[in-house]
2 protein chains.
Amino acid sequence: MAEARSVDTRERILDAAEHLFMAHGYEGTSMRQITSGAGVNLAAVNYHFGSKESLMQEVFRRRLDWLNDERMRVLNALESEAAGKPLKPSQIVDGFFGTLLRMADDEERGGVTFLRLLGRTLTDPSEFIRTFLAHEYAEVVDRYKEALFKALPDVPKAEIVWRFHFMLGATSYAIAGTDALRLVTDWQIEEEDSTDRLDRLVPRLMSFLLGGLRSPLPQFSSPTVDL
Amino acid sequence: MAEARSVDTRERILDAAEHLFMAHGYEGTSMRQITSGAGVNLAAVNYHFGSKESLMQEVFRRRLDWLNDERMRVLNALESEAAGKPLKPSQIVDGFFGTLLRMADDEERGGVTFLRLLGRTLTDPSEFIRTFLAHEYAEVVDRYKEALFKALPDVPKAEIVWRFHFMLGATSYAIAGTDALRLVTDWQIEEEDSTDRLDRLVPRLMSFLLGGLRSPLPQFSSPTVDL
DNA sequence: GTCTATAGTCTGATAGAC
DNA sequence: GTCTATCAGACTATAGAC
């Protein structure tokens with residue numbers, strides 16, 4: 001029972017931390033906010049996780065291990081079904097970004113809270129979390145990059161990697177969902193409630209990403225343009 | 001002379017704050033780091049700006065006033081040249097995002113440092129800075145939204161606003177330039193040096209944004225699709 | 001495994017001499 | 001306008017009782 005309580009406490013701390021880091025950022029969240037939000041003692045974080053940094057890493061690991069396994073599973077399934085032939089770009093984009101976005105509906109996996117935390121962390125990384133994320137993502141990103149190279153053999157690899165970045169950025173911002181410029185305020189009332197908005201975000205974003213990915217290549221002044 | 005020194009001190013503080021906020025975020029940067037970075041006394045920030053929050057706002061105002069004036073100027077020029085006819089989407093996108101990206105080369109206006117600060121702040125906003133940014137951007141965003149509505153009369157306004165968001169996100173992430181996932185590391189050496197990369201970022205991003213903006217509309221299960 | 005108490009440090013801000 | 005000195009509070013982390 002003591003151990004059962006302990007697992008509970010860990011989860012409660014992780015849930016509180018996830019929510020607070022999402023709302024106020026890593027630096028903007030104190031151990032006191034986390035422990036009081038979780039209803040546990042101030043010392044509990046250090047006992048269970050060792051430090052605030054380790055807690056932050058555990059917040060991400062808890063979700064990303066599943067997400068990246070799932071992305072691998074999806075890509076493996078697609079590739080074995082394609083039997084060596086290149087995949088369609090839309091399949092690859094959906095495997096990577098669609099799998100992420102579908103976490104929004106899955107409260108067991110953190111739901112929108114985790115998505116928003118991930119989105120803001122990708123542009124706001126302290127060195128320790130950047131190193132951690134890079135390691136956590138390395139294998140999956142590599143596999144998806146290779147799949148895109150195969151799917152778009154006429155597009156220079158450098159262009160594909162850049163567009164991967166742009167897709168990641170559009171997605172991060174969309175899921176961070178802060179609407180810093182309050183672009184949304186004036187029309188959101190008249191048209192859709194918030195669940196509709198989330199449901200429709202996915203197809204909207206996917207069509208935007210694919211449009212960007214397949215857009216005509218830019219013309220540089222320099223002579224080295226492959227297509 | 002005392003006053004000349006004072007203007008100098010203000011600018012030195014703003015420069016140091018801009019750089020440190022970019023590198024470590026608002027919460028991650030202390031007054032002591034700022035003042036020692038600027039080579040001024042600890043009390044100087046409170047004397048010149050009143051508080052850390054006011055300093056942050058001034059860091060943005062110094063750059064955004066110019067940027068948004070310039071965006072207005074460009075849009076006015078385009079519209080008066082078009083004489084009432086709708087603009088091309090590429091003109092509008094270039095007016096908004098191109099004007100921003102061209103600041104990268106302008107060290108007088110903050111260069112890449114400010115761009116990266118802006119990029120990370122758009123997904124990492126404390127409430128006070130979100131309110132400030134929304135107010136600072138309101139007029140310009142509204143004008144550009146209207147221009148896009150006119151340029152794309154067959155696309156539902158809600159879709160355009162969403163795509164504005166996605167473009168903003170892709171741009172923010174690109175200029176934040178943190179490369180959290182180290183996507184770039186393995187190929188950057190072989191191909192381009194860093195100035196090339198920046199020069200080429202603009203056309204690359206612009207073609208991605210336009211591809212996304214003009215992408216076929218997503219099909220929802222619901223019946224209300226205008227195009 | 002959970003708690004209290006507290007060490008040791010850093011924070012933003014200010015009063016007051018010059 | 002610039003400085004030193006300092007306040008009052010918040011911070012992470014830990015030692016040690018239970």
Side-chain angles (χ1 to χ4, degrees), chain A residues 1-60 62 121 124-129 131-132, chain B residues 1-60 62 121 124-129 131-132:
Chain A
M1 185 189 95
E3 199 161 321
R5 287 258 299 152
S6 157
V7 170
D8 235 48
T9 299
R10 276 182 62 100
E11 290 297 312
R12 289 165 59 78
I13 290 171
L14 288 169
D15 289 344
E18 185 173 69
H19 189 268
L20 287 162
F21 287 150
M22 177 274 289
H24 308 115
Y26 176 76
E27 310 270 11
T29 301
S30 72
M31 302 277 263
R32 284 167 167 79
Q33 289 175 282
I34 296 165
T35 49
S36 91
V40 301
N41 188 268
L42 173 58
V45 168
N46 284 283
Y47 178 77
H48 285 285
F49 300 96
S51 70
K52 191 185 174 185
E53 285 199 1
S54 300
L55 170 61
M56 178 70 157
Q57 291 180 9
E58 197 53 37
V59 166
F60 279 96
R62 174 170 75 146
T121 305
D124 179 44
S126 312
E127 189 50 44
F128 85 94
I129 196 69
T131 303
F132 171 77
Chain B
M1 182 190 97
E3 198 160 325
R5 288 259 296 152
S6 156
V7 171
D8 235 46
T9 299
R10 276 182 62 99
E11 291 296 313
R12 290 163 58 77
I13 290 171
L14 288 169
D15 289 344
E18 184 173 70
H19 189 268
L20 286 162
F21 288 149
M22 176 274 288
H24 308 115
Y26 176 75
E27 311 271 9
T29 302
S30 72
M31 303 275 264
R32 284 165 169 81
Q33 288 176 280
I34 295 166
T35 49
S36 93
V40 301
N41 189 268
L42 171 59
V45 168
N46 284 284
Y47 178 78
H48 286 284
F49 300 96
S51 68
K52 191 185 172 184
E53 284 199 3
S54 300
L55 170 61
M56 178 71 156
Q57 290 180 10
E58 198 53 39
V59 166
F60 279 96
R62 173 170 74 146
T121 306
D124 180 44
S126 313
E127 189 49 43
F128 85 93
I129 195 70
T131 303
F132 172 77

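Values in this document were obtained by computation on a predicted structure and should not be read as measured data. Proteins get letters first, then strands, A, B, ... in listed order; numbering begins at 1 in each.
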I need the full list of ring pair (Phe, Tyr, Trp, His ring centres under 6.0 Å) pairs touching residues 38-57 of chain A, with sequence neighbours left out, sorted by first then second residue.
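Passing the test, one end in residues 38-57 of chain A: no pairs.
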
Positive for side chain to side chain contact (heavy atoms under 4.5 Å, CB included) with A:I129, one of A:V59, A:T121, A:D124
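Between A:I129 and the candidates, side chain to side chain contact (heavy atoms under 4.5 Å, CB included) is satisfied uniquely by A:T121.
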
To the nearest Å, give me how far apart CZ (A:R12) and C1' (C:dG1) are.
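Whole-Å distance recorded here is 15 Å.
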
Between atom CD1 in A:I34 and atom C1' in D:dA10, what is the gap in whole Å?
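Answer to the nearest Å: 14 Å.
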
Please list, chain by chain and in numerical order, all residues satisfying side-chain hydrogen bond (donor to acceptor under 3.5 Å, both in side chains) with B:Q57, sequence neighbours excluded.
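side-chain hydrogen bond (donor to acceptor under 3.5 Å, both in side chains) list for B:Q57, sorted by chain: empty.
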
With sequence neighbours left out, what residues match B:T131 under side-chain hydrogen bond (donor to acceptor under 3.5 Å, both in side chains)?
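Only A:R182, B:E127 meet the side-chain hydrogen bond (donor to acceptor under 3.5 Å, both in side chains) criterion with B:T131.
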
Mark yes or no for whether A:S30, through its side chain, and A:Q33, through its backbone, hold a donor-acceptor pair below 3.5 Å.
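Checking the backbone N and O of A:Q33 against the side chain of A:S30, a donor-acceptor pair under 3.5 Å is found.
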
Output yes when at least one side-chain N/O atom of B:T9 is less than 4.0 Å from OP1 or OP2 of D:dG1, else no.
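Indeed not, no polar side-chain atom of B:T9 lies that close.
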
Identify every side-chain donor-acceptor pair in residues 14-23 of chain A under 3.5 Å, counting partners at least two apart or on other chains, and give the distances.
{"from": "A:D15", "atom 1": "OD1", "to": "A:R62", "atom 2": "NH1", "distance (Å)": "3.0"}
{"from": "A:D15", "atom 1": "OD1", "to": "A:R62", "atom 2": "NH2", "distance (Å)": "3.0"}
{"from": "A:E18", "atom 1": "OE1", "to": "A:R63", "atom 2": "NH2", "distance (Å)": "3.0"}
{"from": "A:E18", "atom 1": "OE2", "to": "A:R63", "atom 2": "NE", "distance (Å)": "2.8"}
{"from": "A:E18", "atom 1": "OE2", "to": "A:R63", "atom 2": "NH2", "distance (Å)": "3.4"}

Across nucleotides 12-18 of chain C, 5' to 3', mark each nucleotide with B, S or - according to how protein heavy atoms within less than 4.0 Å reach it.
BBB----

For B:S54, give me all partners under side-chain contact (heavy atoms from CB on, under 4.5 Å), at least two apart in sequence or on another chain.
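With neighbours one apart ignored, the set is B:S51.
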
Through what angle, rounded to 10 degrees, does the axis of the helix from C:dG1-D:dC18 to C:dC18-D:dG1 turn between its ends, using five pairs per end?
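Between the first-five-pair axis and the last-five-pair axis there is 0°.
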
In chain order, what residues pass the ring-ring contact (aromatic ring centres under 6.0 Å, His included) check against B:F128, with sequence neighbours excluded?
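If we apply the ring-ring contact (aromatic ring centres under 6.0 Å, His included) test to B:F128, skipping adjacent residues, the hits are B:Y26.
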
